[in-house]
Amino acid sequence: MGPPGPEGVHLRRTALLTAALTLAVASLCAPAQEANLPDIGSSAGELLTPRQQEEYGAMMLAQLRHYDYLLEDPLIDSWLETLGTRLAANSDKPKQPFTFFMLRERQINAFATLGGYIGVNSGLILAADKEDEVAGVLSHEIAHVTQQHVLRGAERAQRDQLPILLAMLGAIVAAQASNSNSSDDAAQAAMAGAMGLMQQRQINYTRSNESEADRLGIQTLARSDYDPEAMADFFTIMQARSRSNGANYWGESPDWLMTHPVTITRITEAKDRAARIRREQGTSEVCVRDPSGPAQCEKETAPRPHFPSDGAVNPLLPPTLQANLGTAFGPGGTGRFDYARERLRVLSANTPSEAIREYERMGDAGKQTDAQRYGLAFARLRANQPAVAATALGDLLQKNPGDVWITLALAEAEARSGKRDSADARFEALLRQTPHNRAIVLSYADVLAERDTPQAGKRAQEILRPLLGSSANDATFQRVFARACEMAGDPVRAGEAYAEAAYLNGRPEQALVQLNTLKRRSDLDYYARARIEARIAAITPTVLELKRQGIRDEDLRRQ
């Protein structure tokens with residue numbers, strides 16, 4: 001037989017990912033199995049400690065990254081974090097920590113899991129008409145976390161899911177141990193059945209929490225200065241998409257509807273809640289009657305607190321948060337949604353060429369919005385057409401002077417089309433404005449890495465170092481910093497960063513091997529040796545537990 005097709009590869013990636021998450025759930029829930037199960041609703045907080053929940057979320061994120069499900073882009077990360085942080089701060093538990101991340105899948109979906117980790121599929125952003133609708137989905141998922149719906153689901157897993165999970169894990173181990181096609185097919189069949197059963201039980205369980213998450217989510221929307229009707233608007237979009245033939249473009253049935261079933265009753269209730277909130281906020285309609293035509297009505301809302309307008313970032317915010325805000329925003333959104341959606345359209349496409357064809361299908365360039373023109377230029381940049389991209393981005397920047405997203409893309413296009421001095425001047429000017437902006441720093445460092453010279457490596461190190469203390473769990477930063485150190489002739493720092501990147505990418509065994517190799521170097525100073533030994537001590541228990549469960553790094557096993 002020939003190599004597996006795309007569907008087979010996707011199924012195997014899903015199976016391996018499920019195995020990793022199965023191990024996480026089983027290992028974290030195992031201690032609680034020794035005691036009698038307490039009543040649901042009163043014991044959720046006792047099942048897993050906050051630290052265990054955070055460990056589960058971090059492990060899940062590392063496995064998603066390892067199997068290439070994550071879409072990690074500094075500008076998209078900044079936009080999503082800004083939006084999510086704004087909503088979380090206005091939830092009913094503003095001190096609850098959250099981590100927001102994007103997945104490259106174009107199916108319409110979003111989910112929350114333990115530790116406040118909330119994932120959003122690119123397809124959901126592409127399906128939304130405005131940022132308020134995305135905020136509505138995020139507010140809903142935030143409510144699932146703050147009301148401990150996710151944790152209570154884990155409690156139910158003790159009774160209903162652990163036998164299924166263990167059976168699935170056994171099937172995967174068997175598949176890994178055998179090279180025969182029949183064994184592989186049998187394992188996939190077992191996993192498919194187990195996953196279907198788990199999914200149905202999860203759907204049955206979560207439906208009882210949807211109304212509460214809707215209610216609290218709409219309140220969070222209003223407090224965050226978003227349209228409280230946006231949640232109902234998105235429900236309506238999902239319902240229409242699921243009924244139309246156009247749904248096939250996004251998937252025959254949006255995944256989000258499987259765990260968040262939309263009905264007329266639910267849409268009506270969401271609209272009623274939004275209307276009540278508008279009345280409480282003092283929203284009214286002012287109508288001007290024209291004798292020659294119908295009355296023209298506009299909504300007026302009493303003033304309420306909102307984020308600062310352009311150029312007025314709160315100086316009391318921590319410097320890292322100020323830098324992550326990038327472009328300050330006022331009521332109604334971050335001001336970046338249209339550009340974020342088009343950037344995601346390009347990054348989530350199978351190839352840059354497919355993204356270009358998608359823009360061609362969307363209409364002639366003259367009819368496109370500025371955001372769509374930006375997306376098309378970004379697609380051409382990724383398709384190795386930097387000169388064409390630079391021309392289009394230069395025109396856009398003249399129309400939108402000072403726009404950070406356009407300026408960054410133009411600087412990258414100039415660097416790759418031979419205009420190095422102009423590109424560096426743009427990057428350096430941006431750094432002088434916001435020296436700790438993660439998107440600017442990482443974009444510039446990536447461009448410098450392409451030059452592969454000691455001078456470029458040292459400059460990359462200089463601009464990256466200020467972020468070093470806050471980037472311990474930032475896989476993208478660790479990768480870029482490792483390359484910078486390597487070019488600059490600093491092999492010890494490069495080795496540490498590469499090992500950290502491996503760990504954050506779900507490869508703890510590889511990280512341990514790299515650190516032990518690094519530890520044998522004769523040129524280590526006291527501080528470097530202490531750092532390396534500390535990381536070895538921290539990572540070793542994780543690797544030993546994985547080995548105890550029979551799970552080894554697939555690359556190391558082949559060696």
Side-chain angles (χ1 to χ4, degrees), residues 21 24-25 28-29 32 40-64 69-70 77 80-103 109-121 124-125 133-158 161 199 201-224 226 228 230-231 234-235 255-256 258-261 270 273 473:
L21 300 187
V25 174
L28 289 174
C29 292
I40 289 181
S42 62
S43 63
E46 299 176 4
L47 176 64
L48 297 173
T49 67
R51 180 176 177 179
Q52 286 176 313
Q53 295 178 55
E54 166 61 29
E55 288 174 351
Y56 171 84
M59 183 182 294
M60 177 208 66
L61 194 63
Q63 293 302 321
L64 287 171
Y69 280 90
L70 290 189
D77 293 344
L80 184 62
E81 181 183 355
T82 300
L83 172 58
T85 300
R86 179 181 186 176
L87 295 167
N90 287 288
S91 69
D92 56 327
K93 291 184 180 179
K95 294 184 179 181
Q96 162 74 43
F98 284 93
T99 300
F100 301 92
F101 57 93
M102 189 72 64
L103 293 98
N109 201 10
F111 63 91
T113 190
L114 298 175
Y117 283 74
I118 294 180
V120 184
N121 277 14
L124 188 143
I125 310 300
E133 294 167 358
V134 179
V137 174
L138 287 179
S139 296
H140 178 99
E141 300 300 337
I142 286 171
H144 277 314
V145 174
T146 60
Q147 297 308 111
Q148 294 191 325
H149 296 160
V150 179
L151 190 57
R152 292 175 186 176
E155 185 176 32
R156 181 181 175 90
Q158 286 186 300
Q161 293 183 2
Q199 187 175 60
R201 294 193 180 192
Q202 182 67 11
I203 291 171
N204 295 340
Y205 180 67
T206 58
R207 280 176 179 167
S208 65
N209 301 316
E210 293 303 290
S211 179
E212 183 176 34
D214 287 351
R215 176 176 59 82
L216 294 176
I218 290 172
Q219 291 177 357
T220 297
L221 272 180
R223 291 174 189 154
S224 304
Y226 284 102
M231 187 179 293
F234 193 75
F235 288 165
D255 292 349
W256 197 72
M258 298 182 69
T259 52
H260 302 77
R273 291 189 185 104
N473 297 319

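Please read all numbers here as calculations on a predicted model, not as lab measurements. Sequence positions, counted from 1, serve as the residue numbers for this chain.
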Measure the spacing between CG of Leu87 and OH of Tyr226 and express it to the nearest 0.5 Å.
6.0 Å
Using 0.5 Å steps for rounding, measure from the CD atom of Glu54 to the OG1 atom of Thr49.
10.5 Å
The reported gap from CG in Leu80 to CD1 in Ile125 (rounded to nearest 0.5 angstrom) is 7.0 Å
Start with the C-alpha gap between Leu138 and Thr220, add the side-chain angles, then the distance that decides, and say whether side chain to side chain contact (heavy atoms under 4.5 Å, CB included) holds.
CA-CA 10 Å; Leu138 287 179; Thr220 297; over 6 Å; no
What closest approach, in Å, do Ile142 and Ser91 show between heavy atoms, and which atom pair accounts for it?
CG2-CB, 3.8 Å
So which heavy atom on Ile118 is nearest to which on Ala112, and how close?
CG1-CB, 4.0 Å
In terms of heavy-atom contacts, Met102 and Val120 come closest through SD-O, 3.2 Å
How many angstroms lie between CE in Met231 and CZ in Arg215, if you round to the nearest 0.5 Å?
11.5 Å
Hey, what do you get for CG (Leu216) to CG (Asp214), rounding to the nearest 0.5 Å?
9.5 Å
Of all heavy-atom pairs between Gly217 and Ala143, which one has the smallest distance, and what is that distance?
N-CB, 4.4 Å
Closest contact, heavy atoms only, Leu83 versus Ala135
CD1-CB, 4.0 Å
Give the ring-plane orientation class for Tyr117 versus Phe101, where under 30° counts as parallel, over 60° as perpendicular and anything between as tilted.
tilted
I need the minimum non-hydrogen distance between Ser211 and Arg273, along with the two atoms involved.
OG-NH2, 3.0 Å
Quick check: does any side chain N or O of Arg86 sit under 3.5 Å from a backbone N or O of Ser224, one acting as donor and the other as acceptor?
yes
Report yes if the side chains of Thr146 and Phe98 come closer than 4.5 Å at any heavy-atom pair, otherwise no.
yes
Between Val145 and Gln96, is any pair of side-chain heavy atoms under 4.5 Å apart?
yes
Walk me through whether Phe100 and Thr82 qualify under side chain to side chain contact (heavy atoms under 4.5 Å, CB included).
CA-CA 10 Å; Phe100 301 92; Thr82 300; over 6 Å; no
Fit a plane to each ring of His144 and His140, take the angle between them on a 0 to 90° scale, and name the class: parallel (under 30°), tilted (30 to 60°) or perpendicular (over 60°).
perpendicular
Inter-residue atom distance Met59.CE - Thr113.OG1, 0.5 Å rounding:
12.0 Å
